[in-house]
Amino acid sequence: MTAEPETDKPDYLDEISGEVWQGDAYDLIAKLPNESVDLIITSPPYWGLRTYGQDHNEDILKEWTAEGNDALETPSYDWYRLHGGMLGLEPLPEWYVDHLVEILQRGAAALKARGSMWVNIGDTYFARWSSIRMNGRQGLGGNPRQRRKTPMGGYRQEKQLLLVPARFAIAMQQKRWIVRNDLIWHKPNVPPRPEKDRLRLAHEHFFHFVKRAKEGRPSYYYDTTPLEEGGRDVVTVNVRSGSDGHSATFPPELIRPRIISSCPPDGLVLDPFCGTGRSLTVALASGRRALGFELGDDFSEAARANILAVQGQLLA
């Protein structure tokens, strides 16, 4: 495994078993050769929930408008990060959706024509003064938190469920992606919430995207045999405890059917926001190859250690 990509050789990715490259997904995903990835599966940082221990410029909206720009005009992700911005902590959810789509779109060429992309994304309630945690779930637990003021306007109103997943999926459609499924992950063990005027949010969205065909209908790899009984678009999987300091890791039961159904054996699975590498280890244990990108030092090292552990088990 290596922290630096070595894509000078055209067949380099064919030699990968399991690797983690440390850096910004925006940069790394653009380095991949065309038609080199069978499956992209990921759960990016959600909007307005966690810092993951990273620094963020809370004055970035002021800096953007000071340059004569409108607040509702989204800066490029490159401008945003160069001015201290972090994905998931954009001052407006509109910026977040645009940045996430921009990053994933840079990986479109790397995804094979018969490949798939699965993106798990949760929603957020709007609050003018929101609570941002370094880790953990919003508003719960004893994790350190900070307050920040978020501009109101339009659909950004107090107590509003922002429908971020739907806005993201529609934005992807506008980039010519085909949405094949909006899988609902039902989480039966969600913790209680203090609110008394709404139902508990007990689900997240897991979108399945494929490329639009140049002619006719899309055709892509898909094996229905490993799917959950009934093959329905609602699956019930308990939320699991995080690992290695990361509170938002994938439950293996949720992603294993996605990986096996959407990536052929020995195909390459990419997670551009891999965290501690849960999707990578599940891919390896399922007979696939795995590549992850991670920005943070600690999570990158944890992901590499988890990959080594699975590889050792497979060789035992």
Side-chain angles (χ1 to χ4, degrees), residues 41-52 87-89 93 96-97 100 117-143 145 150 155-172 179-209 226-243 245-259 261-262 271 273-276 278-279 282:
I41 185 167
T42 195
S43 183
Y46 299 169
W47 181 74
L49 294 185
R50 305 178 183 91
T51 69
Y52 295 101
L87 182 68
L89 292 181
Y96 167 74
V97 169
L100 181 56
M117 180 189 298
W118 283 89
V119 181
N120 168 227
I121 189 167
D123 216 340
T124 306
Y125 280 92
F126 182 86
R128 189 174 187 183
W129 285 97
S130 57
S131 173
I132 308 295
R133 300 255 174 196
M134 186 176 75
N135 222 323
R137 295 181 175 84
Q138 186 184 39
L140 296 176
N143 297 294
R145 67 177 181 176
T150 307
Y155 68 92
R156 285 173 275 105
Q157 300 295 326
E158 290 285 357
K159 293 194 172 187
Q160 178 90 284
L161 184 62
L162 292 171
L163 303 181
V164 169
R167 298 177 194 279
F168 161 71
I170 292 170
M172 290 288 282
V179 178
R180 292 300 289 144
N181 271 121
D182 175 9
L183 184 149
I184 300 300
W185 169 21
H186 166 226
K187 303 182 290 185
N189 64 330
V190 292
R193 295 284 307 188
E195 293 85 2
K196 302 298 182 183
D197 57 355
R198 66 171 172 86
L199 301 173
R200 281 190 288 168
L201 192 60
H203 75 279
E204 291 185 10
H205 296 260
F206 214 151
F207 293 107
H208 180 196
F209 300 100
L227 299 181
E228 295 87 351
E229 184 178 357
R232 300 179 180 91
D233 64 357
V234 177
V235 297
T236 299
V237 178
N238 281 346
V239 176
R240 294 290 193 91
S241 299
S243 65
H246 197 296
S247 63
T249 52
F250 273 135
E253 301 90 339
L254 175 67
I255 56 171
R256 186 177 294 109
R258 319 285 75 83
I259 290 172
S261 67
S262 298
D271 187 342
F273 306 98
C274 75
T276 58
R278 180 65 58 79
S279 60
V282 173

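Because the structure is predicted, anything quoted here is derived from the model rather than measured.
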### Query
Taking only residues two or more places apart in sequence or in another chain, which ones pass side chain to side chain contact (heavy atoms under 4.5 Å, CB included) with S261?
Y222, P226, L227

### Point-to-point distance, once rounded to the nearest 0.5 Å, from CG of D233 to CG of N181
6.0 Å

### Residue pairs, two or more places apart or on separate chains, that pass salt bridge (Lys or Arg N to Asp or Glu O under 4.0 Å) and touch residues 156-170
E94-R156, K159-D197

### Message
The criterion is side-chain hydrogen bond (donor to acceptor under 3.5 Å, both in side chains); which residues satisfy it with W118, sequence neighbours excluded?
### Response
S262

#### Entry: L183 CG to L254 CG distance, which is reported to the nearest 0.5 Å
7.0 Å

### Where E204 and K187 come nearest, the two heavy atoms and their spacing
OE2-NZ, 2.9 Å

### Query
What pairs with F168 under ring-ring contact (aromatic ring centres under 6.0 Å, His included), at least two apart in sequence or on another chain?
F209

## Note on the structure
With sequence neighbours left out, the residues meeting side-chain hydrogen bond (donor to acceptor under 3.5 Å, both in side chains) with H208 are S116

## Note on the structure
Shortest non-hydrogen pair, P257 vs P252, comes out as CD-O, 4.5 Å

### Residue list, side-chain hydrogen bond (donor to acceptor under 3.5 Å, both in side chains) with Q160, at least two apart or on another chain
none

#### Entry: Closest non-hydrogen atom pair between L87 and L100, with its separation
CD1-N, 4.2 Å

### Query
Any donor and acceptor pair, going by atom type alone, linking the side chain of R258 with main-chain N or O of I41 inside 3.5 Å?
no

### Heavy-atom donor-acceptor pair, Y46 side chain to V164 backbone, under 3.5 Å
no

### Task
State, to 0.1 Å, how close S279 and I255 come at their nearest heavy-atom pair, and which atoms those are.
CA-CD1, 3.5 Å

### Message
Going by the rule salt bridge (Lys or Arg N to Asp or Glu O under 4.0 Å), which residues pair with R232 if we only count those two or more places apart in sequence or in a different chain?
### Response
none

### Query
For the residue pair V179 and A169, what are the closest heavy atoms and their distance?
CG2-O, 4.4 Å

### Query
E253: what forms a salt bridge (Lys or Arg N to Asp or Glu O under 4.0 Å) with it, not counting sequence neighbours?
R240

### Message
P165: which residues meet the side chain to side chain contact (heavy atoms under 4.5 Å, CB included) condition with it, sequence neighbours left out?
### Response
I121, D123, H205, F207

#### Entry: F273, W185, F206 screened by ring-ring contact (aromatic ring centres under 6.0 Å, His included) with F250, the one that passes
F206

### Task
For R256, check side-chain hydrogen bond (donor to acceptor under 3.5 Å, both in side chains) against everything at least two apart and list the hits.
none

### Beyond-backbone contact of P251 with V239, side-chain heavy atoms, under 4.5 angstrom
no

#### Entry: T150 side, atom OG1; L89 side, atom CG - distance, nearest 0.5 Å
10.0 Å

